[in-house]
Amino acid sequence: MIHKDQIKQLSADIFEQVVGYRRHLHANPELSFKEYETSAFIKARLSEWGIPFKEMADTGVVALIEGALPSERVIALRADMDALPILEANDKPYASKNAGVMHACGHDVHSSSLLGTAYILNTLKDKFAGTVKLIFQPAEELLPGGASILIKEGVLESPPVQHIIGQHVMPLIDAGKVGFRSGIYMASTDELYVTVRGKGGHGAQPHQNIDPVLIASHIIVALQQIVSRNADPRLPSVLSFGKLEANGATNIIPNEVKIEGTFRTLDEDWRREAKLRMKKMAEGMAESMGGSCEFRIMDGYPFLINEPALTANVREFAEDYLGKENVVDLDIWMAAEDFAYYSQVTNACFYRLGTGNKAKNTTYSVHTPNFDIDEDALQLSTGLMAYAALKQLGN
């Protein structure tokens with residue numbers, strides 16, 4: 001039987017290295033589907049430890065650690081690798097060297113942590129039963145999402161995975177704590193691209209034009225009714241438009257207007273219905289006002305569901321490893337994650353790793369230029385995932 005104190009000691013042993021891994025990855029971020037140097041760095045560390053791996057989805061790395069004791073149980077642990085197109089504002093020695101690219105969502109934390117977990121599990125492989133599959137996944141931030149590609153390529157097969165666990169940084173939770181929610185946790189996400197066409201002309205002669213700006217304005221306001229009057233009020237739904245492009249001038253009505261937005265919800269049936277309603281309403285409104293509307297929807301990630309039994313187990317393991325006072329409840333979050341794809345096809349648990357510390361100024365939100373973490377969380381992140389995996393495997 002492997003004791004948690006063994007894992008805590010190994011986490012302490014590898015801690016400084018994991019901090020170094022995280023700083024290296026943070027300083028050298030790469031965008032989605034372009035994580036070539038990140039992938040090479042991960043493969044080099046795995047090779048040092050003699051952990052077998054294979055490449056998937058071009059830049060993805062999938063490693064396998066098999067316990068020496070007999071068992072057919074298989075659990076997967078997942079970390080994403082890609083960064084965001086953000087110019088970093090932090091003045092740190094490990095700040096991004098790639099201008100306009102930044103690990104602003106903590107994927108450097110996830111990947112370095114999983115490397116630390118790999119070291120722990122590999123050190124203990126003669127003492128446990130079962131197999132751990134380590135998934136270093138590309139392109140969480142960009143549709144169609146690396147998870148969907150890996151699943152199509154068979155990442156959850158050969159050997160077949162019964163459970164998968166993922167963790168994600170959360171600056172709103174203090175470092176030293178983790179958060180859980182059972183059941184539906186994160187939203188689906190779809191991208192909306194709308195082009196409204198009319199007839200441009202002089203702003204002083206509106207009667208001779210078909211004003212796409214006015215039509216687009218009506219469409220934006222009207223589409224909110226899809227959420228306020230068609231959605232079940234007990235079901236969270238979000239419709240937001242963040243980009244409106246009308247290349248006219250103070251006295252020029254343009255020929256067309258482009259709108260971009262996002263739709264998010266927590267029910268797949270309503271998701272399909274809402275998109276049909278939005279398209280029909282926008283096209284009909286544009287036509288009724290003399291124009292036309294092209295309503296294009298790019299289907300995104302499904303909603304994320306934490307399988308109750310697995311989540312209850314992992315939460316119990318976390319309480320044992322950290323103490324109950326360091327495990328908190330999470331609310332539904334309308335952000336999206338491509339880990340949701342895994343949760344749609346196997347038992348999944350996606351929990352939050354606290355990285356916030358007001359004294360260290362690490363409470364900035366993810367996806368912001370000032371995002372950073374309290375690196376003390378990196379000792380917890382490696383050990384807890386190793387402990388949870390081994391306990392779920394029955395060790």
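- A salt bridge links Asp329 with Arg315: at least one charged nitrogen is closer than 4.0 Å to a carboxylate oxygen.
- A salt bridge links Arg78 with Asp80; the closest basic N to acidic carboxylate O contact falls under 4.0 Å.
- Taking the side chain as every heavy atom from C-beta outward, Ser188 and Phe263 never approach each other to under 4.5 Å.
- Residues Leu322 and Leu384 are in side-chain contact: their nearest non-hydrogen atoms beyond the backbone lie under 4.5 Å apart.
- The distance between the ring centers of Phe371 and Tyr364 does not fall below 6.0 angstrom.
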Identify all side-chain donor-acceptor contacts of residues 240-259 below 3.5 Å with residues at least two apart in sequence or on another chain.
{"from": "Asn255", "atom 1": "OD1", "to": "Gly200", "atom 2": "N", "distance (Å)": "2.7"}
{"from": "Glu256", "atom 1": "OE1", "to": "Arg197", "atom 2": "NE", "distance (Å)": "3.4"}
{"from": "Lys258", "atom 1": "NZ", "to": "Thr195", "atom 2": "OG1", "distance (Å)": "3.4"}

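- Taking the six-membered ring wherever Trp is involved, the centroid distance between the rings of Trp333 and Tyr185 does not fall below 6.0 Å.
- Salt bridge status for Arg22 with Glu375: present, with a side-chain N to carboxylate O gap under 4.0 Å.
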Considering only distance and modelled atom types, tabulate donor-acceptor pairs under 3.5 Å from the side chains of residues 204-214, sequence neighbours left out.
{"from": "Asn209", "atom 1": "ND2", "to": "His202", "atom 2": "O", "distance (Å)": "3.1"}
{"from": "Asn209", "atom 1": "ND2", "to": "Gln205", "atom 2": "O", "distance (Å)": "3.0"}
{"from": "Asp211", "atom 1": "OD1", "to": "Val213", "atom 2": "N", "distance (Å)": "2.9"}
{"from": "Asp211", "atom 1": "OD1", "to": "Leu214", "atom 2": "N", "distance (Å)": "3.4"}

Using salt bridge (Lys or Arg N to Asp or Glu O under 4.0 Å), reason through Lys43 and Glu55 one step at a time and then give a plain yes or no.
CA-CA 9 Å; Lys43 288 184 285 189; Glu55 300 171 354; 2.6 Å; yes
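- Nearest heavy atoms, Leu353 versus Ser381: CD2-CB, 3.5 Å.
- Here the CG atom belonging to Leu64 is positioned 11.5 Å from the CG atom belonging to Leu121, to the nearest 0.5 angstrom.
- Within the 4.5 Å cutoff, the side chain of Phe41 has no heavy atoms near those of the Thr38 side chain.
- Looking at heavy atoms from C-beta onward, Ile165 lies out of side-chain contact with Phe350 at the 4.5 angstrom threshold.
- Between His107 and Leu84, the closest side-chain pair of non-hydrogen atoms is not below 4.5 Å.
- Salt-bridge annotation for Asp299 and Lys275: present, with a side-chain N of the basic residue lying under 4.0 Å from a carboxylate O of the acidic one.
- Of the candidates Asp372, Asp376, Thr355, Asp376 is the only one forming a side chain to side chain donor-acceptor pair (under 3.5 Å) with Lys360.
- In this structure, Tyr342 and Ile135 have side chains that are in contact, with non-hydrogen atoms separated by less than 4.5 Å.
- Lys152 has no carboxylate O lying under 4.0 Å from a charged side-chain N of Glu157, or vice versa, which leaves the two without a salt bridge.
- Within the 4.5 Å cutoff, the side chain of Arg45 has heavy atoms near those of the Tyr21 side chain.
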Can you list the steps and then say if Asp267 with Arg272 is a salt bridge (Lys or Arg N to Asp or Glu O under 4.0 Å)?
CA-CA 9 Å; Asp267 181 90; Arg272 286 188 290 271; over 6 Å; no
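- With hydrophobic clusters built from ILVMFWY side chains whose heavy atoms lie under 4.5 angstrom apart, Met385 shares a cluster with Phe180.
- Atom-to-atom distance recorded for Leu134:CG and Leu115:CG is 9.0 Å, nearest 0.5 angstrom.
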